Amino acid sequence: MTDARPESADRTPTSNPVLRRALAWGGVLAAIVLVVSAVLGFVFAGTAGLVSALIGTLMAVVFMGITAASILLANRFASSDVFVGVFFGIVLGGWLLKFIVFIVLVVVLRDAAWLNPTVLFLSLVAGVIASLVVDVLVVAKSRLPYVSDVQLPKAPTDD
């Protein structure tokens, strides 16, 4: 059996620029959320609120970044014959990593006297909502065709 795919074709998924744009805008919006939540946390809960806001926002940014970065990493194997298995393995591994890190952080930070749990929760939620807004806006404004990464056969010639 022969492979119908040409060797010279660029098999990089067309979703890569969208994911990179989501990461970049997510970082910008996360910085804004970080500053706003840190100021509000400090005003309402003092130093504990400031630290809680920083940790909550950092958690949201890391979890957002792991998803997009794992997809970008997995897309590097697009030209491989085992792309599907590698892709889902890397993405699922990223999700498992996020789950484990979240559980560990909840257990470790649960009884920390130097944290304000309300500020931590609200800044985490604000970071998650901000990352979701960025994802929706970036995908909605992207010009990604419904059918991508397809190479059509050449038109027949009249010889």
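Note that the coordinates shown come from a computational prediction; the quantities given were computed from them, not determined experimentally.
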Residues forming a side chain to side chain donor-acceptor pair (under 3.5 Å) with Thr57, sequence neighbours excluded
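For Thr57 the side chain to side chain donor-acceptor pair (under 3.5 Å) partners, ignoring immediate neighbours, are Ser37.
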Side chain to side chain donor-acceptor pair (under 3.5 Å) partners of Thr67, counting only residues at least two apart
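In terms of side chain to side chain donor-acceptor pair (under 3.5 Å), with neighbours along the sequence ignored, Thr67 is linked to Lys98.
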Consider only side-chain heavy atoms of I, L, V, M, F, W and Y, link residues closer than 4.5 Å, and tell whether Leu124 and Ile55 are in one cluster.
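As far as the 4.5 Å side-chain criterion goes, Ile55 and Leu124 are connected within one cluster.
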Test of understanding: clusters of I, L, V, M, F, W, Y form through side-chain heavy atoms closer than 4.5 Å, transitively. Do Val61 and Leu54 belong to the same one?
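In one cluster with Val61: Leu54, no.
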I need the minimum non-hydrogen distance between Ala22 and Val134, along with the two atoms involved.
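For Ala22 versus Val134, the nearest heavy atoms are O-CG1, 3.6 Å.
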Which heavy atom of Leu23 sits nearest to which heavy atom of Gly65, and what is that distance?
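Closest approach of Leu23 to Gly65: CD2-CA, 3.9 Å.
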How long is the gap from [atom1] on [X] to [atom2] on [Y], to the nearest 0.5 Å?
X      : Y     : atom1 : atom2 : result
Leu97  : Ile66 : CG    : CD1   : 4.5 Å
Leu105 : Met59 : CG    : CE    : 5.0 Å
Ile71  : Leu19 : CD1   : CG    : 5.5 Å
Asn16  : Arg76 : CG    : CZ    : 9.0 Å

[X]: side-chain contact (heavy atoms from CB on, under 4.5 Å) partners, not counting sequence neighbours:
X      : value
Leu58  : Val62
Ala112 : Trp114, Leu115
Val106 : Phe102
Leu92  : Trp95, Leu96

Suppose clustering is done on Ile, Leu, Val, Met, Phe, Trp and Tyr with side-chain heavy atoms closer than 4.5 Å. Which residues sit in the same group as Phe121?
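Members besides Phe121, by chain and number: Leu122, Val125, Ile129, Val133, Leu137.
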Show your working on side chain to side chain contact (heavy atoms under 4.5 Å, CB included) between Leu132 and Val136 and close with a plain yes or no.
CA-CA 6 Å; Leu132 290 174; Val136 166; 5.5 Å; no
Is there any side chain to side chain donor-acceptor pair (under 3.5 Å) pair reaching into residues 116-137, and which pairs are they, with sequence neighbours excluded?
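Output for this query is empty, none listed.
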Could you list the donor-acceptor pairs under 3.5 angstrom formed between side-chain atoms of residues 38-48 and any protein atom two or more places apart in sequence or on another chain?
none

Any side-chain heavy atom of Phe63 sitting closer than 4.5 Å to one from Val128?
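No, their side chains stay 4.5 Å or more apart.
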In chain order, what residues pass the ring-ring contact (aromatic ring centres under 6.0 Å, His included) check against Phe87, with sequence neighbours excluded?
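Only Phe83 meet the ring-ring contact (aromatic ring centres under 6.0 Å, His included) criterion with Phe87.
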Scan the side chains in residues 26-36 for donor-acceptor partners under 3.5 Å anywhere in the protein, sequence neighbours excluded, and list what turns up.
none

